[in-house]
Colleague: 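Let me begin by handing over the structure; questions about it come next.
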Number of protein chains: 2
Amino acid sequence: MIDTYLLEGLLAFRNTGTLSAASEKLHLSQPALSRSMRKLEDILDVTLFERQKNKISLNENGIMAADYAAKILDQEKEMVERIRAYDRSRHTITLGSCAPAPIFMLTPILSQTYADMTIASEINGEDTLLRGLSDNTYQIIVLTQPAESDELESIRWQSEHLYITLPPAHPLAGRTGVHLRELNGQTMLLYSQIGFWYDLCMEKMPEARFLMQDEYTALGELVQASALPAFSTNLVRNDDERHMNRVFIPILDSEARVDYYCIFKKKSNTFLNRFLMQIRAEVNPGVKHK
Amino acid sequence: MIDTYLLEGLLAFRNTGTLSAASEKLHLSQPALSRSMRKLEDILDVTLFERQKNKISLNENGIMAADYAAKILDQEKEMVERIRAYDRSRHTITLGSCAPAPIFMLTPILSQTYADMTIASEINGEDTLLRGLSDNTYQIIVLTQPAESDELESIRWQSEHLYITLPPAHPLAGRTGVHLRELNGQTMLLYSQIGFWYDLCMEKMPEARFLMQDEYTALGELVQASALPAFSTNLVRNDDERHMNRVFIPILDSEARVDYYCIFKKKSNTFLNRFLMQIRAEVNPGVKHK
DNA sequence: GTAAGTTACGAGCGACGTAAAAATG
DNA sequence: CATTTTTACGTCGCTCGTAACTTAC
């Protein structure tokens, strides 16, 4: 019918006002564009331009045609974007979590359970995660409480307990437990991607100085190299630090113990079945699934 | 971006189910279509088809893509149609009338006044004409009464008086005037494209037999060749019939005398100016316009 | 003279068709 | 064996760029 390049030419002309400017924009020679526009007129069997010897401009038909061209090209662009996004969504599972530990632990499971899919993950706030789950940005999210919607299913996964790691020389090193407020005012090392834990730190230790570290491995090195307090949890394997002559002291605040719940759409149940079996096996190691 | 022929190919495939059927529909060879579809996948960077050795079908991406293709192609089709229609409207003046005489008389005036435009005309009922005027189907309409809308302008044009033409031997031939009801029951010749006059005939002469004739010139010959009554008006030049030894007797009914009004949008005033000046000159031959 | 548009001519890419192969029922 | 899809190869058309011409400011 009408080749796309003709519409592109027309639109470029409308947006620039001259054939030469438009042709430059399109990385095309003037004559090529000139001929294209004549061809478009031929095809439509309508004049689109007012031609003076040395000047050319859209007539009323042309204005109308350019409007249509814009609409059509927009729609084509949308087509490409939407199809690519849809395809990507068919080949990726996106995991959203309110904290890093579930991502560290669940991503490898997803990767090997769905070997042909890409696993993406993000840390975000609870509201954002729930919205993302409903609009299919995420297929699975992890929160510290179950979801209440009828369309969602929640299964309890694991608990995470916070520890503070200290060098033996630290004044608090001999304690069997500390409250966060006791650490207020200290200078501490902190991983930056910790989701809701960050809010907790700000609330309980507003006076503390946190040396934020974006790189997880770099943080580990800093912990080893310094005498500063740092946080750890039961879900994180930091054998280095244990060997490195640090003591782990449990945080006593009730907020420092959370239960994680995997939440997903009931619709996804079939597809996620293989993953869910593995999760349930972890939670109840005694129960064997066939 | 995406060439149109690729979208056409995809759509044809969806509508037929096999590449071979689709290619035939497109007057194209199978291999050409096969390659096109691969190219489309290349461009989108997405698989659109499930391919078995001997069979090919759309996958979910493909279904989505085909939907978009249909939408885009529809819009292109609409673009072509609308632009052509718009262009035609810019080059034609369409005259609508409730009776044939105004068309016969005004069309030549319009043709020579707007030599570069096409003049089209139609006979229709009053309601249809007014609707057509507002939606730009017509630029000028002729009714037997002025219009009342604020956006419209009406100017009185000419009057038309109905006559019956009879051979001298006819019983009514000696009268100086007749009422239509006196003709009820007779067999008469009638031109078919007479607009509202037809309704009048049906109302006043329900018992008459009308021999309808679609061709105006053919009607003239029939009138000459037969002794049947026929109608004429002051606006029609039928010199042949006058010479042919027929008598013209005025119809006395008040409905047989009508005034015609040219009605058009005030917006059109500028464009129609040249035409309107001619009309006014006809109505008031004494008044000269510069 | 510079900048814009058109016309003319030749070149190269790409979409096409034909032919042949592979696979399925 | 007929039908369908894919691969291979040669051809032709269509769009492109370069060059030359015309016109206007």
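So that the names make sense, note that chain A is the first sequence line, chain B the second, and so on, each numbered from 1.
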Colleague: Give me the first and last nucleotide of DNA chain D, going 5' to 3', that has any atom under 4.0 Å from a heavy atom of chain A.
Modeller: D:dT15 to D:dA24

Colleague: I'd like to know if B:D150 and B:K266 make a salt bridge, using a cut-off of under 4.0 Å between side-chain N and carboxylate O.
Modeller: no

Colleague: Tell me, which pairs form a ring pair (Phe, Tyr, Trp, His ring centres under 6.0 Å) where one or both residues lie in residues 80-100 of chain A, sequence neighbours left out?
Modeller: none

Colleague: State which residues pass ring-ring contact (aromatic ring centres under 6.0 Å, His included) with A:Y114; sequence neighbours excluded, sorted by chain then number.
Modeller: A:F271

Colleague: Among residues two or more places apart or on two chains, list those pairs meeting side chain to side chain donor-acceptor pair (under 3.5 Å) that have a residue in residues 39-58 of chain B.
Modeller: B:E41-B:R51, B:T47-B:N59

Colleague: Provide the full list of side chain to side chain donor-acceptor pair (under 3.5 Å) pairs with a residue in residues 129-138 of chain B, sequence neighbours left out, each pair given once.
Modeller: B:E122-B:Y138, B:N124-B:Y138, B:D135-B:T137, B:N136-B:K265

Colleague: Restricting to side chain to side chain contact (heavy atoms under 4.5 Å, CB included), what partner residues turn up for A:A22, sequence neighbours left out?
Modeller: A:A12, A:F13, A:T16, A:L33

Colleague: Apply ring-ring contact (aromatic ring centres under 6.0 Å, His included) to B:Y191 and list each qualifying residue two or more places apart in sequence or on a separate chain.
Modeller: B:Y216

Colleague: Which pairs pass side chain to side chain donor-acceptor pair (under 3.5 Å) with one or both residues in residues 98-113 of chain B, sequence neighbours excluded?
Modeller: B:T113-B:Q278

Colleague: Heavy atoms under 4.0 Å is the rule here; annotate nucleotides 13-25 of chain C 5' to 3' with B where the base is hit, S where only the sugar-phosphate is, and - elsewhere.
Modeller: --SBBBB---BB-

Colleague: C:dA3, OP1 or OP2 - any side-chain N/O from A:S20 closer than 4.0 Å?
Modeller: no

Colleague: With a 3.5 Å cut-off and sequence neighbours excluded, list the donor-acceptor pairs that the side chains of residues 23-31 of chain B form with protein atoms.
Modeller:
{"residue": "B:S23", "atom": "OG", "partner": "B:L19", "partner atom": "O", "Å": "3.2"}
{"residue": "B:S23", "atom": "OG", "partner": "B:S20", "partner atom": "O", "Å": "2.7"}
{"residue": "B:S29", "atom": "OG", "partner": "B:A32", "partner atom": "N", "Å": "3.4"}

Colleague: Quick one: which residue pairs count as a ring pair (Phe, Tyr, Trp, His ring centres under 6.0 Å) with a foot in residues 57-81 of chain A, not counting sequence neighbours?
Modeller: none

Colleague: In whole angstroms, how far is the C1' atom of C:dG5 from the CD1 atom of A:I56?
Modeller: 7 Å

Colleague: Would you mind reading off the bend of the helix from C:dG1-D:dC25 to C:dG25-D:dC1 from its two end axes, five pairs each, to 10 degrees?
Modeller: 20°

